[in-house]
Amino acid sequence: MCGNRPQAGSDVTILVTGATGALGRHVVERLRQAGRTVRALTRTPGEATGLPGDVEVVGGDLTKPQTLAAAFDGVSAVHLLGATGHDHAPLRTGPQIMAMVAEAGVRRLTVLSAGEEGELEQAVRDSGLEWTFIWPIDFMSNALGWSDTIRDTAEVREPYAHRRTASADETDVADVVATVLAKGGHAGRRLIVSGPEALTPADKVSAIAAATGRRIRFTELTDNQARRQWRAEGWPEEGIEFMMRMWATVPETVAEVTSVVEEVVGRPPRTFTQWAAAHADAFRP
(Lines give C-alpha, C1' and ligand atoms only; values in the text may rest on other atoms or scores of the structure.)
Protein backbone atom coordinates (compact mmCIF):
# COMPACT_ATOMS: atom_id res chain seq x y z
CA MET A 1 0.00 0.00 0.00
CA CYS A 2 1.31 3.43 -0.89
CA GLY A 3 1.86 6.10 1.71
CA ASN A 4 -0.13 9.30 2.01
CA ARG A 5 0.29 11.28 -1.18
CA PRO A 6 1.16 14.94 -0.68
CA GLN A 7 -0.92 17.43 -2.65
CA ALA A 8 0.70 19.48 -5.40
CA GLY A 9 1.61 23.02 -4.41
CA SER A 10 4.41 25.29 -3.40
CA ASP A 11 4.54 23.95 0.17
CA VAL A 12 5.45 20.35 -0.73
CA THR A 13 8.96 19.00 -0.30
CA ILE A 14 11.12 18.16 -3.32
CA LEU A 15 14.07 15.78 -2.89
CA VAL A 16 17.20 16.42 -4.97
CA THR A 17 19.67 13.54 -5.10
CA GLY A 18 23.30 14.29 -5.92
CA ALA A 19 22.62 17.69 -4.37
CA THR A 20 26.26 18.60 -3.82
CA GLY A 21 27.31 17.82 -7.39
CA ALA A 22 27.94 20.31 -10.17
CA LEU A 23 24.35 20.06 -11.42
CA GLY A 24 22.56 19.24 -8.17
CA ARG A 25 23.66 22.45 -6.46
CA HIS A 26 22.10 24.48 -9.25
CA VAL A 27 18.86 22.48 -9.10
CA VAL A 28 18.60 23.13 -5.36
CA GLU A 29 19.24 26.85 -5.84
CA ARG A 30 16.66 27.15 -8.64
CA LEU A 31 14.00 25.39 -6.60
CA ARG A 32 14.64 27.61 -3.57
CA GLN A 33 14.49 30.70 -5.78
CA ALA A 34 11.06 29.47 -6.89
CA GLY A 35 9.99 29.24 -3.24
CA ARG A 36 9.96 25.45 -3.05
CA THR A 37 10.87 23.43 0.03
CA VAL A 38 13.94 21.34 -0.77
CA ARG A 39 15.56 18.31 0.83
CA ALA A 40 19.10 17.58 -0.36
CA LEU A 41 20.44 14.03 -0.46
CA THR A 42 24.18 13.46 -0.34
CA ARG A 43 26.50 10.62 0.65
CA THR A 44 28.48 13.01 2.88
CA PRO A 45 26.11 15.48 4.59
CA GLY A 46 28.93 16.83 6.73
CA GLU A 47 30.57 18.18 3.59
CA ALA A 48 27.41 19.74 2.13
CA THR A 49 28.64 23.32 2.26
CA GLY A 50 27.45 26.11 0.02
CA LEU A 51 23.80 25.06 -0.16
CA PRO A 52 21.10 27.57 0.89
CA GLY A 53 20.83 27.60 4.67
CA ASP A 54 17.15 26.65 4.74
CA VAL A 55 17.67 23.43 2.77
CA GLU A 56 17.32 20.20 4.76
CA VAL A 57 20.39 18.03 4.14
CA VAL A 58 20.07 14.26 4.64
CA GLY A 59 22.56 11.44 4.20
CA GLY A 60 21.98 8.48 1.93
CA ASP A 61 23.50 6.43 -0.87
CA LEU A 62 21.55 5.52 -4.01
CA THR A 63 23.56 2.31 -4.30
CA LYS A 64 22.34 1.32 -0.80
CA PRO A 65 18.53 1.66 -0.79
CA GLN A 66 18.36 0.78 2.92
CA THR A 67 19.84 4.22 3.64
CA LEU A 68 17.10 6.14 1.80
CA ALA A 69 13.88 5.70 3.80
CA ALA A 70 14.21 8.98 5.70
CA ALA A 71 15.10 10.88 2.52
CA PHE A 72 11.88 9.86 0.73
CA ASP A 73 9.58 10.37 3.72
CA GLY A 74 7.03 13.09 3.00
CA VAL A 75 8.33 14.23 -0.38
CA SER A 76 6.10 14.70 -3.41
CA ALA A 77 8.73 15.04 -6.14
CA VAL A 78 12.22 13.63 -6.63
CA HIS A 79 15.16 14.40 -8.90
CA LEU A 80 17.02 11.12 -9.32
CA LEU A 81 20.49 10.44 -10.70
CA GLY A 82 20.67 7.72 -13.32
CA ALA A 83 24.35 7.09 -12.63
CA THR A 84 26.53 7.36 -9.55
CA GLY A 85 30.16 7.54 -8.53
CA HIS A 86 33.19 9.08 -10.19
CA ASP A 87 32.96 6.53 -13.01
CA HIS A 88 29.31 7.42 -13.69
CA ALA A 89 28.27 3.77 -13.50
CA PRO A 90 24.57 3.18 -14.25
CA LEU A 91 22.46 2.91 -11.11
CA ARG A 92 21.79 -0.80 -10.45
CA THR A 93 19.31 -0.34 -7.60
CA GLY A 94 16.57 1.26 -9.67
CA PRO A 95 13.82 -1.31 -9.02
CA GLN A 96 14.35 -1.15 -5.23
CA ILE A 97 14.44 2.64 -5.25
CA MET A 98 11.29 2.91 -7.34
CA ALA A 99 9.47 0.59 -4.92
CA MET A 100 10.47 2.92 -2.08
CA VAL A 101 9.44 5.98 -4.09
CA ALA A 102 5.99 4.52 -4.71
CA GLU A 103 5.61 3.51 -1.07
CA ALA A 104 6.48 7.03 0.04
CA GLY A 105 3.76 8.52 -2.15
CA VAL A 106 5.98 10.45 -4.52
CA ARG A 107 4.00 11.87 -7.45
CA ARG A 108 6.54 13.38 -9.81
CA LEU A 109 10.02 12.23 -10.85
CA THR A 110 12.83 13.60 -13.01
CA VAL A 111 15.70 11.28 -13.91
CA LEU A 112 19.07 12.56 -15.09
CA SER A 113 19.72 10.15 -17.94
CA ALA A 114 23.03 9.02 -19.39
CA GLY A 115 21.43 8.61 -22.81
CA GLU A 116 20.98 4.85 -22.74
CA GLU A 117 18.14 3.18 -20.86
CA GLY A 118 18.71 0.39 -18.36
CA GLU A 119 17.04 -1.20 -15.33
CA LEU A 120 16.34 2.13 -13.63
CA GLU A 121 14.64 3.65 -16.65
CA GLN A 122 12.48 0.56 -17.15
CA ALA A 123 11.48 0.60 -13.48
CA VAL A 124 10.55 4.27 -13.83
CA ARG A 125 8.44 3.58 -16.93
CA ASP A 126 6.64 0.78 -15.07
CA SER A 127 6.05 2.86 -11.93
CA GLY A 128 2.85 4.67 -12.91
CA LEU A 129 4.35 7.95 -11.66
CA GLU A 130 4.58 11.26 -13.51
CA TRP A 131 8.12 10.88 -14.83
CA THR A 132 10.43 12.77 -17.18
CA PHE A 133 13.88 11.66 -18.37
CA ILE A 134 16.34 14.51 -18.87
CA TRP A 135 19.46 13.89 -20.96
CA PRO A 136 22.03 16.68 -21.33
CA ILE A 137 24.00 15.99 -24.51
CA ASP A 138 27.13 17.27 -22.77
CA PHE A 139 27.92 19.81 -20.05
CA MET A 140 29.85 22.96 -20.93
CA SER A 141 31.44 22.61 -17.49
CA ASN A 142 33.39 19.59 -18.79
CA ALA A 143 35.71 22.21 -20.32
CA LEU A 144 36.91 22.93 -16.79
CA GLY A 145 38.95 19.76 -17.22
CA TRP A 146 41.25 21.91 -19.35
CA SER A 147 41.73 24.55 -16.67
CA ASP A 148 45.05 23.30 -15.27
CA THR A 149 46.74 22.82 -18.61
CA ILE A 150 45.44 26.13 -19.97
CA ARG A 151 46.67 27.98 -16.90
CA ASP A 152 50.08 26.29 -17.04
CA THR A 153 50.77 25.97 -20.78
CA ALA A 154 48.12 28.00 -22.67
CA GLU A 155 47.49 24.89 -24.79
CA VAL A 156 44.95 22.09 -25.12
CA ARG A 157 46.18 18.85 -26.71
CA GLU A 158 43.56 16.24 -27.71
CA PRO A 159 42.75 13.77 -30.50
CA TYR A 160 39.70 13.89 -32.79
CA ALA A 161 39.53 17.64 -33.21
CA HIS A 162 36.65 17.32 -35.67
CA ARG A 163 34.14 16.03 -33.11
CA ARG A 164 31.28 18.45 -32.51
CA THR A 165 28.94 18.57 -29.52
CA ALA A 166 25.99 20.82 -28.73
CA SER A 167 27.07 21.18 -25.10
CA ALA A 168 24.59 22.65 -22.60
CA ASP A 169 25.29 25.15 -19.83
CA GLU A 170 24.80 23.26 -16.56
CA THR A 171 22.61 26.09 -15.24
CA ASP A 172 20.27 25.66 -18.23
CA VAL A 173 19.97 21.95 -17.44
CA ALA A 174 19.22 22.84 -13.81
CA ASP A 175 16.54 25.28 -14.95
CA VAL A 176 14.91 22.52 -17.01
CA VAL A 177 15.01 20.04 -14.10
CA ALA A 178 13.70 22.56 -11.57
CA THR A 179 10.89 23.73 -13.85
CA VAL A 180 9.68 20.19 -14.53
CA LEU A 181 9.85 19.28 -10.83
CA ALA A 182 8.01 22.39 -9.71
CA LYS A 183 5.44 22.72 -12.50
CA GLY A 184 5.22 19.38 -14.31
CA GLY A 185 3.78 19.33 -17.80
CA HIS A 186 6.33 17.03 -19.48
CA ALA A 187 5.29 13.63 -18.18
CA GLY A 188 6.33 10.57 -20.15
CA ARG A 189 8.94 12.46 -22.19
CA ARG A 190 12.68 12.19 -22.71
CA LEU A 191 13.99 15.75 -22.90
CA ILE A 192 17.33 16.07 -24.69
CA VAL A 193 18.95 19.29 -23.48
CA SER A 194 21.50 21.03 -25.70
CA GLY A 195 23.14 24.39 -26.11
CA PRO A 196 22.37 26.65 -29.09
CA GLU A 197 25.24 25.45 -31.31
CA ALA A 198 27.50 22.48 -31.97
CA LEU A 199 31.19 23.26 -31.42
CA THR A 200 34.50 21.49 -31.87
CA PRO A 201 37.11 21.47 -29.07
CA ALA A 202 39.05 24.12 -31.00
CA ASP A 203 35.94 26.33 -31.12
CA LYS A 204 35.63 26.09 -27.35
CA VAL A 205 39.30 26.86 -26.82
CA SER A 206 38.91 29.96 -29.00
CA ALA A 207 35.97 31.12 -26.87
CA ILE A 208 38.00 30.59 -23.69
CA ALA A 209 40.89 32.55 -25.21
CA ALA A 210 38.58 35.45 -26.04
CA ALA A 211 37.07 35.39 -22.55
CA THR A 212 40.45 35.39 -20.82
CA GLY A 213 42.28 37.71 -23.19
CA ARG A 214 45.00 35.06 -23.62
CA ARG A 215 46.48 33.31 -26.65
CA ILE A 216 45.58 29.65 -26.20
CA ARG A 217 46.53 26.96 -28.73
CA PHE A 218 44.62 23.84 -29.65
CA THR A 219 46.82 20.99 -30.90
CA GLU A 220 45.29 17.87 -32.42
CA LEU A 221 47.00 14.64 -31.40
CA THR A 222 47.19 11.34 -33.24
CA ASP A 223 45.89 8.28 -31.41
CA ASN A 224 49.40 7.22 -30.42
CA GLN A 225 50.34 10.72 -29.27
CA ALA A 226 47.20 10.85 -27.13
CA ARG A 227 47.97 7.46 -25.58
CA ARG A 228 51.52 8.54 -24.72
CA GLN A 229 50.33 11.81 -23.21
CA TRP A 230 47.65 10.17 -21.08
CA ARG A 231 50.03 7.47 -19.88
CA ALA A 232 52.47 10.19 -18.83
CA GLU A 233 49.62 11.83 -16.92
CA GLY A 234 48.99 8.58 -15.04
CA TRP A 235 45.83 7.38 -16.75
CA PRO A 236 45.10 3.63 -16.44
CA GLU A 237 45.16 1.69 -19.70
CA GLU A 238 41.47 0.85 -19.55
CA GLY A 239 40.63 4.52 -19.11
CA ILE A 240 42.79 5.46 -22.08
CA GLU A 241 41.17 2.89 -24.35
CA PHE A 242 37.69 3.86 -23.16
CA MET A 243 38.31 7.51 -24.10
CA MET A 244 39.79 6.58 -27.46
CA ARG A 245 36.78 4.43 -28.33
CA MET A 246 34.34 7.08 -27.13
CA TRP A 247 35.92 9.93 -29.08
CA ALA A 248 36.46 7.83 -32.21
CA THR A 249 32.77 6.89 -32.32
CA VAL A 250 31.04 10.12 -31.28
CA PRO A 251 27.54 9.83 -32.79
CA GLU A 252 26.19 12.63 -34.96
CA THR A 253 23.27 13.00 -32.55
CA VAL A 254 25.47 14.79 -29.99
CA ALA A 255 25.78 17.68 -32.45
CA GLU A 256 22.02 18.12 -32.77
CA VAL A 257 20.62 21.34 -31.30
CA THR A 258 17.28 20.94 -29.53
CA SER A 259 14.62 23.45 -28.47
CA VAL A 260 14.13 21.97 -24.97
CA VAL A 261 15.51 24.91 -22.95
CA GLU A 262 13.32 27.42 -24.76
CA GLU A 263 10.31 25.11 -24.66
CA VAL A 264 10.54 24.32 -20.94
CA VAL A 265 12.15 27.44 -19.47
CA GLY A 266 10.87 30.04 -21.92
CA ARG A 267 14.19 31.55 -23.04
CA PRO A 268 17.05 30.63 -25.39
CA PRO A 269 19.87 28.47 -24.03
CA ARG A 270 23.12 30.17 -23.05
CA THR A 271 26.03 30.07 -25.48
CA PHE A 272 29.49 28.67 -24.80
CA THR A 273 30.82 32.21 -25.19
CA GLN A 274 28.62 33.28 -22.28
CA TRP A 275 29.71 30.26 -20.24
CA ALA A 276 33.40 30.98 -20.93
CA ALA A 277 32.99 34.62 -19.88
CA ALA A 278 31.36 33.51 -16.60
CA HIS A 279 34.19 31.04 -15.86
CA ALA A 280 37.16 32.94 -17.29
CA ASP A 281 39.00 33.12 -13.96
CA ALA A 282 39.29 29.31 -13.91
CA PHE A 283 41.55 29.51 -16.98
CA ARG A 284 43.78 32.41 -15.92
CA PRO A 285 47.18 31.89 -14.25
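Starting from 1, each residue takes its place in the sequence as its number. Keep in mind it's a predicted model, so treat the numbers as computed, not measured.
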Taking every non-hydrogen atom, the tightest pair across [X] and [Y]:
X	Y	result
G195	P269	C-CG, 4.0 Å
P159	M244	CG-SD, 4.4 Å
A143	I208	CB-CD1, 4.5 Å
A211	A280	O-CB, 3.8 Å

[X] and [Y]: same hydrophobic cluster, using ILVMFWY side-chain contacts below 4.5 Å?
X	Y	value
M140	L23	no
M98	L112	yes
W230	M246	yes
I14	M100	yes
F272	F139	no

May I have all residue pairs that pass side chain to side chain donor-acceptor pair (under 3.5 Å) and include part of [range], sequence neighbours excluded?
range	answer
residues 177-188	H186-R189
residues 243-252	none
residues 48-60	R32-D54, R39-E56

| message | Is the ring pair Y160/H162 parallel, tilted or perpendicular, if the boundaries are 30 and 60 degrees? | response |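 Geometry flag for H162 against Y160: perpendicular rings.
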
| request: Just do the side chain to side chain contact (heavy atoms under 4.5 Å, CB included) check on V27 and V38 with the steps written out, would you? | output: CA-CA 10 Å; V27 174; V38 180; over 6 Å; no

Does [X] reach the side chain of [Y], with side-chain heavy atoms less than 4.5 Å apart?
X	Y	value
D138	V254	no
V16	L41	no
V106	V75	yes
M243	W235	yes
H26	E170	yes
D152	P285	no
R108	S76	no
T132	L109	no

Output all residues satisfying side-chain contact (heavy atoms from CB on, under 4.5 Å) with [X], sequence neighbours left out; order by chain, then residue number.
X	result
D126	Q122
R215	none
S206	none

Side chains of [Y] and [X]: any donor to acceptor distance under 3.5 Å?
X	Y	answer
N224	T222	no
T219	E155	yes
D203	T200	yes
H79	T110	yes
T171	R270	yes
W146	E158	yes
S167	K204	yes

Is there a donor-acceptor pair under 3.5 Å between the side chain of [X] and the backbone N or O of [Y]?
X	Y	result
S194	P136	no
R25	T20	yes
R217	V156	no
T271	Q274	yes
T153	I150	no
S127	L129	yes
R92	L120	no

Measure the spacing between [atom1] of [X] and [atom2] of [Y] and express it to the nearest 0.5 Å.
X	Y	atom1	atom2	answer
F283	D148	CZ	CG	10.0 Å
T67	R43	OG1	CZ	9.5 Å
L15	L68	CG	CG	8.5 Å
I216	R151	CD1	CZ	11.5 Å
T258	I192	OG1	CD1	7.0 Å
H279	D281	NE2	CG	10.5 Å

| request: Check step by step if side chain to side chain contact (heavy atoms under 4.5 Å, CB included) holds for V261 and D169. | output: CA-CA 10 Å; V261 173; D169 188 312; over 6 Å; no

| field | T42 and V57: CA distance, side-chain angles, deciding distance, side chain to side chain contact (heavy atoms under 4.5 Å, CB included) verdict | value | CA-CA 7 Å; T42 175; V57 178; 3.8 Å; yes

| query | Could E237 and R227 be called an ion pair, given the rule that one side-chain N must be under 4.0 Å from one carboxylate O? | reply | no

| SB check D175 R267 (cutoff 4.0 Å) |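 Here D175 pairs with R267 in a salt bridge, since their nearest N and O are under 4.0 Å apart.
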
| Ring centres of W135 and F133 under 6.0 Å apart? |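 Ring centroids of W135 and F133 are no less than 6.0 Å from each other.
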
| Step by step, would you call V193 with I134 a side chain to side chain contact (heavy atoms under 4.5 Å, CB included)? | CA-CA 7 Å; V193 187; I134 296 175; 3.8 Å; yes

